[in-house]
Protein chains: 2
Amino acid sequence: MSDDALEHSELTFLLGMAFQLLLAEFARRLNATGHADLRPVHGMTFQALRGPGATSSELAERLGVTKQAAGQIVDDLERRGYVERTPHPAGGRRKLVVLTGKAHEHLLAAGRTLHELEAQLTERLHEAGLHVPRAELAAIIRVLAGDDIPPLRPVW
Amino acid sequence: MSDDALEHSELTFLLGMAFQLLLAEFARRLNATGHADLRPVHGMTFQALRGPGATSSELAERLGVTKQAAGQIVDDLERRGYVERTPHPAGGRRKLVVLTGKAHEHLLAAGRTLHELEAQLTERLHEAGLHVPRAELAAIIRVLAGDDIPPLRPVW
DNA sequence: ACATCAAGTAAAGCGGCTTTACTAAGGAGA
DNA sequence: TCTCCTTAGTAAAGCCGCTTTACTTGATGT
């Protein structure tokens, strides 16, 4: 497939391909740093719980899954020492799910890896006289979703 | 989330979000035209079988799944009248899977829908003084995949 | 006290894929 | 020709990650 063929592909295809390749490369690099036991959904969970933490139900909403699914993810991460269920200040049945140090470490490593990858990509684009199409992608998202952006679904 | 916030998001996030939204809108419109019983993987199957058709194993390769999975997809589509298994000219156990008229109709409808959607999107971008970032996306794909582009995985 | 509501959990189901294991049909070499 | 290897296809089971259905538990308001 030549560059020419690629440029004449559907926008939808180009977006999907670029996304999947970028995500795969990110995962490859992250695994190489020793974090091989976590999938994208876990990384997104960490993002969603950063700072004050959240309840399972809040997590479910942020991830765009049922609260049962969120509960299962929390079960799994708790077993493996990435999160803890602590009593919720607001009381009730609520439990506040918070990140452990282990999760914070992972967040840091993931952030570093992603920024490095994107920086290298930016450089390659600049070498080719192209820019990173942030504004264009943001505009596409705006056009399609308006003001309430739904969760990015953590599919592979 | 403001435009500003969006533009400062990770490139990976922007790509994923744009892709998922575009695909969802495409599916929404296609369903509205009465083709509600097919998922992206089926559309990709139709693309892969267009023209002379292919064997299940070839289909598997083009979709990036096992040949058993491809066989199951073909079973399903055959039951619903979208494809047929015909004797393969090269003989052996091979069977040539070919599209029926019903599948060609769907391909046409899907093509029309997608082009219309992308054309509208292009117009909106132009109104905002932006272009469709084909070259940029193609370059990203090139950088990450080199010359052999793997199949776009049909995840939702 | 009682109804109601929200958070959480438990269990089963399910879709779509992989893994494992097998059958069927050539082709090549002794 | 007989056997071996290769390739296409199929069958069955397993599995992962999610949803659906149904329940329990605690707080709130009247």
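Sequence lines set the chain letters: A, B, ... in the order given, protein chains first and strands last, and positions in each chain run from 1.
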Under 4.0 Å: is that the gap between some side-chain N or O of [X] and OP1 or OP2 of [N]?
X: B:Arg94; N: C:dA24; value: no
X: A:Arg153; N: D:dC18; value: no
X: B:Arg85; N: D:dT10; value: yes

Rounded to whole angstroms, how far apart are [atom1] on [X] and [atom2] on [N]?
X: B:Leu77; N: C:dG16; atom1: CG; atom2: C1'; answer: 14 Å
X: B:His88; N: D:dG9; atom1: NE2; atom2: P; answer: 8 Å
X: B:Leu96; N: D:dA8; atom1: CG; atom2: P; answer: 13 Å
X: A:Leu38; N: D:dC16; atom1: CG; atom2: C1'; answer: 16 Å

Main chain of A:Leu6, side chain of B:Arg134: is a donor-acceptor contact present, judged purely on distance under 3.5 Å?
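The answer is no, because no donor-acceptor pair under 3.5 Å joins these two groups.
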Donor-acceptor contact below 3.5 Å, side chain A:His115 vs main chain A:Gly111
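Checking the backbone N and O of A:Gly111 against the side chain of A:His115, a donor-acceptor pair under 3.5 Å is found.
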Once you apply a heavy-atom cut-off of 4.0 Å, does B:Gly71 come out as touching a base, just sugar-phosphate, or nothing?
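If one applies the 4.0 Å heavy-atom cut-off, B:Gly71 turns out to touch nothing in the nucleic acid.
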Just checking B:Lys67: base, sugar-phosphate only, or nothing, at a heavy-atom cut-off of under 4.0 Å?
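The answer is base, as B:Lys67 lies within the cut-off (heavy atoms under 4.0 Å) of a base atom.
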Along DNA chain C (nearest heavy atom to each residue), the more 5'-positioned of B:Ile73 and A:Lys95
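Per heavy-atom nearest nucleotide, the more 5' residue is A:Lys95.
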For DNA chain C, which residues of residues 54-61 of chain A approach it to below 4.0 angstrom with any heavy atom?
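Per residue number, the list reads A:Thr55, A:Ser56, A:Ser57.
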Would you say the base of C:dT9 and the side-chain of A:Gln68 have a donor-acceptor pair closer than 3.5 Å?
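Indeed, a donor on one side and an acceptor on the other fall under 3.5 Å apart.
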Classify the side chain of A:Gln72 versus the base of D:dT19 as yes if they form a donor-acceptor pair under 3.5 Å and no if they do not.
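It does, because a donor-acceptor pair links the side chain of A:Gln72 to the base of D:dT19 below 3.5 Å.
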For the residue pair B:Tyr82 and B:His42, is the inter-centroid distance of their aromatic rings smaller than 6.0 Å?
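Between B:His42 and B:Tyr82, which both carry aromatic rings, the centre distance is not below 6.0 Å.
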Hey, are B:Asp76 and B:Arg39 close enough for a salt bridge, meaning a charged N less than 4.0 Å from a carboxylate O?
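No, B:Asp76 and B:Arg39 are not salt-bridged.
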Are A:Arg29 and A:Glu25 within salt-bridge range, i.e. N to O under 4.0 Å?
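A:Glu25 and A:Arg29: salt-bridged.
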Donor-acceptor side-chain pairing of B:Glu136 and B:His131 below 3.5 angstrom:
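Note: B:Glu136 and B:His131 side chains meet the donor-acceptor criterion.
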Between D:dC18, D:dG9, D:dT24, which nucleotide gets closest to the side-chain atoms of B:Arg93?
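Within the option list, the nearest is D:dG9.
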So, for B:Ala139 and A:Leu130, which heavy atoms are closest and what is the spacing to 0.1 Å?
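Taking B:Ala139 first and A:Leu130 second, the nearest heavy atoms are CB-CD1, 3.6 Å.
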By nearest heavy atom, map A:Gly91 and A:Thr66 onto DNA chain D; which one lands nearer the 5' end?
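Mapping each residue to its closest nucleotide by heavy atoms, the 5'-most match is A:Thr66.
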